[in-house]
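Presented below is the structure to which this report refers.
Every heavy atom of this structure was used, including side-chain atoms; hydrogens, water molecules and symmetry mates were not.
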Amino acid sequence: MSATPARRIRVVVTLLALLALSACAASAGHTAHARQIAAGQPIPSTPPPTPSASPSPTAKPAPGSLEWYVSQVPTFPGAPPPQPVLLPATGTAAFWHRLPTDQKVAFITIDDGGLARPPAVAEFVWRAHIPVTMFLNSPAAEEHDVYFRQIQVAGGVVENHTINHTSLAGRSYGYQKQQICGAADKLEALFGKRPTLFRPPFGEHDSTTLQAAHDCGAKAVLHWTETVHEGKVRYQTPEKVVRPGDVLLMHFRPALMDDLLAALKAIHRAGLTPALLTDYIQ
């Protein structure tokens, strides 16, 4: 959850540059910008903006403002050094509802990307040090690449959620591979890293899905143990508590800021710390 000063400075500069890019994306044209990212060209630096006025020490941030969300984030214990989980040697991707770890960590994931993209999410993720994994549909990722790139620079990781968000279970190997590999190819071109994790739409999968995901470069296929919607955590187990290794699912919807905050509070109540899936699945 913490970062060195030098890393924080690099993240700030890059995030500011991306914010500047998003402001000019409409006039410069989306296609040109996507080509720049795909080609791996460096993001131009920009002068730091004049800091906004800070609220007075006695003023409370207005509910619903970014400052309010940041102020509501609980203080977590330091994350333990990650202990990577054992991957199967069967030639297919692993499948997990929760990661097989007893370390006191849980994992926040956000799916889809085409419905809604609250504008403050990237800054919230950065300022609150929220490790998030984004399972994106590739057309939404391409259309809104600047938005998701901002979250990536703030600390998020982009992973695979197919092209068309269609159920895969029962479909042919060729169809499933096209959906998974096609999305992986596009996400790699947009964000500079090939996805190594895959989430099937609706969680629906079969043995063919695990084989196709493996053949497209995925090490694991992820389900979930809790869902979060409109600021409420819905548990999938009778214990009604987040447990080590649990995976929390939410979506890019209008209430995403509330969902992130609710997930953080639930993880904190359980005595756990948020962590990145890719630190454990290597």
Side-chain angles (χ1 to χ4, degrees), residues 1-3 8 11-12 14-16 18-23 25 49 51-55 59-76 79 105-137 140-141 143-159 161 191 199 224-235 242 246-270 272-277:
M1 297 287 289
S2 62
R8 291 293 304 278
V11 168
V12 172
T14 309
L15 184 56
L16 288 173
L18 284 166
L19 290 170
L21 279 175
S22 65
S52 57
S54 300
K60 293 183 178 180
S65 67
L66 174 62
E67 293 294 338
W68 180 85
Y69 281 104
V70 173
S71 73
Q72 297 300 303
V73 174
T75 300
F76 292 93
V105 293
F107 305 95
I108 295 174
T109 66
I110 317 172
D111 279 14
D112 299 349
L115 179 61
R117 291 157 302 282
V121 168
E123 189 170 356
F124 187 35
V125 166
W126 172 68
R127 291 182 59 180
H129 311 291
I130 308 172
V132 298
T133 302
M134 299 176 281
F135 288 95
L136 300 180
N137 301 123
E143 184 176 357
H144 308 287
D145 62 323
V146 173
Y147 178 86
F148 297 116
R149 179 65 169 161
Q150 289 169 353
I151 300 175
Q152 182 188 41
V153 170
V157 174
V158 174
E159 300 294 351
H161 198 42
F191 302 104
R199 172 167 283 151
W224 55 85
T225 41
E226 289 86 23
T227 62
V228 193
H229 180 51
E230 294 184 345
K232 183 176 181 179
V233 178
R234 293 169 171 83
Y235 296 90
V242 182
D246 273 8
V247 179
L248 291 85
L249 164 68
M250 60 197 71
H251 293 81
F252 283 97
R253 291 174 174 159
L256 180 55
M257 297 284 283
D258 296 310
D259 295 344
L260 287 167
L261 185 57
L264 291 170
K265 289 183 175 180
I267 293 170
H268 183 262
R269 284 195 301 271
L272 308 179
T273 299
L276 276 177
L277 286 167

Can you check whether V157 reaches L277 side chain to side chain, under 4.5 Å on heavy atoms?
no
Going from OG1 on T273 to NE2 on H129, what distance comes out if it is rounded to the nearest 0.5 angstrom?
13.5 Å
Check residues 247-257 and write down every donor-acceptor pair under 3.5 Å in which the side-chain atom is one partner and the other belongs to a residue at least two apart or another chain.
{"from": "R253", "atom 1": "NH1", "to": "H229", "atom 2": "ND1", "distance (Å)": "3.2"}

Using 0.5 Å steps for rounding, measure from the OG1 atom of T227 to the CG atom of D111.
11.0 Å
Strictly distance-based, threshold 3.5 Å: is any side-chain N or O of H161 a donor or acceptor partner for the main-chain N or O of R199?
yes
Can you check whether Y235 reaches V242 side chain to side chain, under 4.5 Å on heavy atoms?
yes
Can you measure from OG1 (T109) to CD (E226) and round to the nearest 0.5 angstrom?
10.0 Å
From CH2 (W68) to CG (L261), nearest 0.5 Å
5.5 Å
For residues 257-270, the salt bridge (charged side-chain N to carboxylate O under 4.0 Å, His left out) pairs (sequence neighbours left out) are none
Please enumerate all residues that pass salt bridge (charged side-chain N to carboxylate O under 4.0 Å, His left out) together with E159, with sequence neighbours excluded.
K193
Side chain of Y147, backbone of P119: donor and acceptor closer than 3.5 Å?
no
Tightest non-hydrogen contact, residues S65 and A62, listed as OG-O, 2.7 Å
Test of understanding: with side chain to side chain donor-acceptor pair (under 3.5 Å), list the residues that count as partners of Q152, not counting sequence neighbours.
R149
Please report the interatomic distance OG1(T133) to CZ(F107), rounded to the nearest 0.5 Å.
8.5 Å
Gap separating the CG atom of L260 from the CD1 atom of I108, nearest 0.5 angstrom:
6.5 Å
I'd like to check P274 versus L264 (side-chain heavy atoms, cut-off strictly below 4.5 Å). Are they in contact?
yes
Quick one: are R117 and F148 in side-chain contact, heavy atoms under 4.5 Å?
yes
Closest contact, heavy atoms only, V158 versus F191
CG1-CD1, 3.8 Å
